[in-house]
Participant: 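Right, I'll just put the structure down here and ask away after.
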There are 2 protein chains.
Amino acid sequence: MTIRDVAALAGVSVGTASRVLSGNSATSPAARERVRVAAEKLGYRPDARARALRSTRSHAVGLLVSDVRNPFFADIAHGAEQAALASSYVTLLANANEDTAQQDTYLEAFLTQRVDGIIVAPQGEGGGNLRAVERARTPLVFVDRTVDGFDVPSVTADNAQGIELAVAHLAALGHTRVGYIGGPSSVSTGRARHEAYLAAVARHGLDDDAELVTVGDFRSASGAAATAKLLAGRRPPTALLAADSLMAVGALGEVRRQGRRIGADVALVALDDIELFRELDPPLTVVAHDARALGERAMRLLLDVIDGRPAASQVLPMRLVVRESSTGRSGR
Amino acid sequence: MTIRDVAALAGVSVGTASRVLSGNSATSPAARERVRVAAEKLGYRPDARARALRSTRSHAVGLLVSDVRNPFFADIAHGAEQAALASSYVTLLANANEDTAQQDTYLEAFLTQRVDGIIVAPQGEGGGNLRAVERARTPLVFVDRTVDGFDVPSVTADNAQGIELAVAHLAALGHTRVGYIGGPSSVSTGRARHEAYLAAVARHGLDDDAELVTVGDFRSASGAAATAKLLAGRRPPTALLAADSLMAVGALGEVRRQGRRIGADVALVALDDIELFRELDPPLTVVAHDARALGERAMRLLLDVIDGRPAASQVLPMRLVVRESSTGRSGR
DNA sequence: TTGTATGCGTTATCAT
DNA sequence: ATGATAACGCATACAA
């Protein structure tokens, strides 16, 4: 089932059939009609690979997120995908699973598939196939995270501002010991948020006890472990600040298991908002990004790069959403 | 940067270079070494499109989920992806967003990309491009859901058993009025679970009041709306059964907004388990599937179909996980 | 406007 | 074991 079959049935040459089907050049109304009918009757569908091979444009872009099971990245993916669809690009979504090796595997796949461009929420030192993407001159955009030493346009959140909002909020409530559940230093957001935490603690004159700082991996189990460690300290924190939503989930469970109550016994603020956090009892105070906007903008930025338009990095603001997990105004 | 460049640098013909790079036929150790070195030096990466065009095997499979932002489908995707990787297939993940039009858009994309096979969690009546996939004879597997009138191997959960477990559990606790928050009838799991609910209610002699049955769309807002309706009835239910996790989330929020407490004032059981449900206060009683296993098995089934091996549909059991949202043994 | 012929990068066939 | 060459399905330059 190729374009030859369509051309034969329509009684025209493959050239004419091709022109009609790709909707480009000049064709007669008569030919147009006959080709369309023939294609319809045969259920013909052009071979995107052959088309791309010939025209050096695949109309496909790769999107590599760190963890699809993290609602934050699922939202990014959703936003990016919708934006791509609006420009009739298909998105190939891949999942690095917070694993540098899998990141390389999928970058490799994108490269061999000859996608028109790649969006990635990167991790690691920027070795491996990120350099290969650069060498291949495949248009590249970072989303949420960046990697030092890469001159790549990016769409990120203002992590420093977000952390400052959270710490200021807790300080205003009278907390002096804020336990920090941080992300891995192998990820730019992990580093940025950690530094911002230290700066904010200093700025607001809070305890800068090293015992108050823990490190997780942006997954819930590590959040639980970090919380256990924090609460077991000699002078446990009165408030917890989790650097991402999954670790906040872990913290939630650990606090409950220790027979304490979020809001009443210990305050909790999470970075990243997920729908569910609104519905909890008590609802969670968060520093929110618009993940969907992050994805949309990253995709539009990528399409700009692909089409040779100027592309400048963007930093989106975060905003504090105060709910009862920090104010303690629970219904109890 | 093509295989010709590699061949030239290695001082061999393109034929030999191709043979070495695809690792297939007989090649001399000397040629192997020279080609590998040349490819390495040039940073050569084969063009998957050209390769697929010639060999009629793309080593890519399409996975179309109903909603990536639903953790259940994110887990399915993760399981499928890992299984594909183990057989060195790349997974193209697409998101139908619970929308039949988008489902068709991505099926179309898969077809034009000439993927080797497709896994889909389908919705709708099975018109549109599902038929086109069938006509194109592209290997197809359903996961989680099915569509009537399609003879397609599938991996699904035993919905009837799951609902029965939940209703039996609630009945044993003495509930006679169980409010049901159902899924859309356009989805097979929505229909199966609704029927199972009716059957289980009859079997256990519970109230079969029509007022106790509501319909949502597998998203949280609809769960909240359904809950509001149920609780506003003349004789409100003492227990709620939500047909998926997102609608359970909506129920959670609505109950809280009405000043009632899950577990103490009204029991809640959800179908689908998500990590977060364990960590809630109170933890949620669920009827769980192993979403990851669902994805893995669907992928292995698809690879069986692709390779012409026999492929039989599988139904995976669900299991009841009792937590405090139904027993009311909350810490309060 | 239409047809013919060439090439995209690769693998497969057929020689040698 | 290796080289030369055709073919995969399509778009396009060129000729008509």
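So that the names make sense, note that chain A is the first sequence line, chain B the second, and so on, each numbered from 1. Quick caveat, the model's predicted, so the values are computed rather than measured.
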Participant: So, is A:Thr16 near the phosphate of C:dG3, with a side-chain N or O under 4.0 Å from OP1 or OP2?
Facilitator: yes

Participant: May I have the distance from B:Leu21 (atom CG) to D:dT2 (atom C1'), rounded to whole angstrom?
Facilitator: 15 Å

Participant: Picking from C:dT2, C:dG9, D:dC10, which would you name as closest to the side chain of A:Thr27?
Facilitator: C:dT2

Participant: What integer distance in Å separates A:Glu33:CD from C:dT1:C1'?
Facilitator: 17 Å

Participant: Whole Å only: how far is the NE2 atom of B:His59 from the C1' atom of C:dT11?
Facilitator: 15 Å

Participant: Which listed nucleotide (D:dA11, C:dT11, D:dG9) is nearest to the side chain of B:Arg51?
Facilitator: C:dT11

Participant: Just say parallel, tilted or perpendicular for the rings of B:Phe150 and B:Phe142, cut-offs at 30° and 60°.
Facilitator: perpendicular

Participant: Please determine if a side-chain N or O atom of A:Ser18 lies less than 4.0 Å away from the OP1 or OP2 oxygen of D:dA11.
Facilitator: yes

Participant: Would the base of C:dG9 count as contacting A:Arg49 through its side chain, where contact means a donor and an acceptor less than 3.5 Å apart?
Facilitator: no

Participant: Consider the side chain of A:Ser13, meaning its heavy atoms from C-beta on, and name the nucleotide among C:dT4, D:dG9, C:dT11 that approaches it most closely.
Facilitator: C:dT4

Participant: For the side chain of A:Ser55, starting at C-beta, report the closest nucleotide among C:dT11, D:dA11, C:dT2.
Facilitator: D:dA11

Participant: Start at the 5' end of DNA chain D and walk down; is the nucleotide closest to B:Thr56 or to B:Gly11 reached first?
Facilitator: B:Gly11

Participant: Which of the following nucleotides, D:dG3, D:dA1, D:dG9, is nearest to the side chain of B:Ser28?
Facilitator: D:dA1

Participant: Atom CG in A:Leu111, atom CD1 in A:Ile118: separation rounded to 0.5 Å?
Facilitator: 5.5 Å

Participant: Between B:Gln113 (CD) and D:dC8 (C1'), how many Å, whole number?
Facilitator: 16 Å

Participant: Tell me if the CD atom of B:Glu134 is crowded by more than 12 foreign heavy atoms within 6.0 Å.
Facilitator: yes

Participant: Between A:His59 and B:Thr112, is any pair of side-chain heavy atoms under 4.5 Å apart?
Facilitator: no

Participant: Can you find a pair of side-chain heavy atoms, one from A:Thr2 and one from A:Asp47, that are under 4.5 Å apart?
Facilitator: no

Participant: Taking atom types as they are modelled, would you say the side chain of A:Arg54 forms a donor-acceptor pair with the base of C:dG7 within the 3.5 Å cutoff?
Facilitator: yes

Participant: Counting only heavy atoms not in B:Arg309, do more than 12 sit closer than 6.0 Å to its CZ atom?
Facilitator: yes

Participant: C:dT10 P sits how many Å from A:Arg114 CZ, rounded?
Facilitator: 7 Å

Participant: With nearest nucleotides of DNA chain D determined for A:Arg19 and A:Met1 from heavy-atom distances, which residue corresponds to the more 5′ nucleotide?
Facilitator: A:Met1

Participant: Axis-to-axis angle across the helix from C:dT1-D:dA16 to C:dT16-D:dA1, five pairs an end, to 10 degrees?
Facilitator: 40°

Participant: Any side-chain heavy atom of A:Arg19 within less than 4.5 Å of one from A:Val35?
Facilitator: no

